[in-house]
Amino acid sequence: MSSRVAFIGDIGGHLSALHKALLQLDIPLTSLRIPSDLSVIQVGDIARLREGQTFDSDKCVALVDRIMTVNPQNWIQLVGNHEAGCLGSALMPGWGNASLRGKTLRTIASWWREEKAVLAVGLQSESGEEFLVTHAGLTLGLWTELGSPKLAGAVRLINREGEDHSERVFRAGSLVTGTPIASPGVMWSEVNRELYLPWLKRGLMPFNQLHGHASPWRWATGNWWPDTPPEVREACSPDVSTHTETTIVGELPNGTPARMIGIDWGLEADVPEQIWSLLTMDNATIVK
């Protein structure tokens, strides 16, 4: 399927952020009908599990469920670590899903059971550029464990392992344990030391990647997160106009720059007053 593709970053229970993103894409809040030439990829973390900060998570999940019902072919929902927590996966300290309605938990479980939500999707641009899209990124360690696949193989293997409830694609790293590991799952990669640094040191990545989850740049303060290593700071270019960051982690097999594109808006605990321009890609082919 070839079309215009738009990417929506982490929502984190902010209903107003989701509304504004939909309106930017000319998706009416009444009919929720997505334009026929548009595919939308939401990178996960529709809900938020931090105790006392779930915001409108129930309403966000219900709205996305309605969108997927109206547009079964045009909305691609990825599973973030917050949704994974609703499915019984790892939880960070201070997290819990007891604040969410039972209906919300059942809805997320049905997405997973009925394969309405996935762990990975691939994209190929009109110029032939390839992108793997996951919630938190595919680490060098996990890519190696999976047999160093090319794009289509990586998408297939990650989603198959998810369906088989394989521990390694759900594996939590330093964000839960406090200790970095080589191969956290695609919902749990810590962006600096677990995801970016190993690819930077290798200098070669098989395809570009696009992810949500986290960024080396802290949008709320307009500066780097304190633990961002110098190598990552040098390679990373934040784009304040779109709240996205692009990090060059080496080269692709064809010798062009290998890009990590992060689209986590960094909403944190603040109710957003605005949503920045959405990242879009024209004439892209979706690889499932």
Side-chain angles (χ1 to χ4, degrees), residues 1-11 17-18 20-27 33-46 64 67-68 71-80 117-138 150-156 158-159 186 191 195-196 199 205-215 217 219 236-249 251-254 256-266 275-288:
M1 178 171 59
S2 179
S3 66
R4 181 168 54 103
V5 179
F7 306 92
I8 296 180
D10 301 37
I11 294 298
L18 182 54
K20 290 174 183 177
L22 296 175
L23 292 174
Q24 273 198 22
L25 296 172
D26 295 322
I27 302 172
R33 182 72 62 184
I34 298 174
S36 59
D37 69 332
L38 176 66
S39 294
V40 179
I41 299 176
Q42 200 286 319
V43 297
D45 283 4
I46 287 289
V64 169
I67 294 170
M68 288 196 288
N71 309 276
Q73 302 302 318
N74 295 70
W75 183 278
I76 298 174
Q77 183 62 49
L78 299 187
V79 178
V118 296
L119 299 182
V121 66
L123 289 172
Q124 187 172 62
S125 72
E126 190 174 31
S127 63
E129 283 189 301
E130 292 184 327
F131 289 84
L132 176 71
V133 188
T134 61
H135 176 65
L138 176 63
K150 295 182 179 180
L151 179 65
V155 172
R156 184 176 63 253
I158 291 168
N159 287 328
V186 293
V191 69
L195 183 61
Y196 286 7
W199 285 114
M205 194 162 67
F207 33 70
N208 298 299
Q209 293 197 50
L210 188 147
H211 65 86
H213 185 62
S215 168
W217 184 262
W219 303 106
C236 179
S237 299
D239 182 345
V240 177
S241 67
T242 60
H243 275 223
T244 61
E245 52 85 6
T246 300
T247 303
I248 305 300
V249 296
E251 292 185 347
L252 297 172
N254 64 6
T256 60
R259 290 179 288 163
M260 285 280 194
I261 300 178
I263 65 166
D264 173 26
W265 287 327
I275 287 299
W276 305 269
S277 301
L278 294 172
L279 185 65
T280 59
M281 185 182 298
D282 292 329
N283 299 317
T285 301
I286 294 176
V287 180
K288 294 184 177 179

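Computed from heavy atoms alone, side chains included, the values below leave out hydrogens, waters and symmetry copies.
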On a heavy-atom basis, which atom in [X] and which in [Y] lie closest, and how many Å separate them?
X      : Y      : value
Ala21  : Trp265 : CB-CH2, 4.1 Å
Leu278 : Phe7   : CD2-O, 3.7 Å
Leu138 : Phe207 : CD2-CZ, 4.2 Å
Trp219 : Thr244 : CH2-O, 3.4 Å
Trp276 : Ser241 : CB-O, 3.6 Å

Would the distance check show the side chain of [X] and the main-chain N or O of [Y] forming a donor-acceptor pair, the cut-off being under 3.5 Å?
X      : Y      : result
Asn74  : Ile34  : no
Asn208 : Glu130 : yes
Asn159 : Ala120 : yes
Asp37  : Ser3   : no
Gln42  : Gly9   : yes

How about [X] and [Y]: do any of their side-chain heavy atoms sit closer than 4.5 Å?
X      : Y      : value
Ile158 : Leu132 : yes
Ser125 : Asp282 : no
Ile275 : Leu23  : no
Leu279 : Leu210 : yes
Val118 : Leu78  : yes
Leu123 : Thr285 : no
Leu151 : Phe131 : no
Thr246 : Asp239 : no

Checklist entry - Are Leu119 and Thr134 close enough, and set up right, to give a side chain to side chain contact (heavy atoms under 4.5 Å, CB included), and what steps lead you there? => result CA-CA 6 Å; Leu119 299 182; Thr134 61; over 6 Å; no

Please enumerate all residues that pass side chain to side chain contact (heavy atoms under 4.5 Å, CB included) together with [X], with sequence neighbours excluded.
X      : answer
Thr247 : Tyr196, Ala235, Cys236, Glu245, Val249, Met260
Ala6   : Leu25, Leu38, Thr280
Thr256 : Leu252, Asn254

Next on the checklist: Salt bridge or not between Arg259 and Glu129? Use side-chain N to carboxylate O under 4.0 Å.
Outcome noted: yes

Item to check | Interatomic spacing from CD1 in Ile8 to CD in Gln77 - rounded to 0.5 Å | outcome: 9.0 Å

Next on the checklist: Distance check, rounded to the nearest 0.5 Å: Met281 atom CE versus Ser127 atom OG?
Outcome noted: 8.5 Å

Checklist entry - Going through the checks in order, is the side chain to side chain contact (heavy atoms under 4.5 Å, CB included) test met by Ile27 and Val40? => result CA-CA 11 Å; Ile27 302 172; Val40 179; 4.2 Å; yes

Checklist entry - Would you call the rings of His135 and His213 parallel, tilted or perpendicular, where under 30° means parallel and over 60° means perpendicular? => result perpendicular

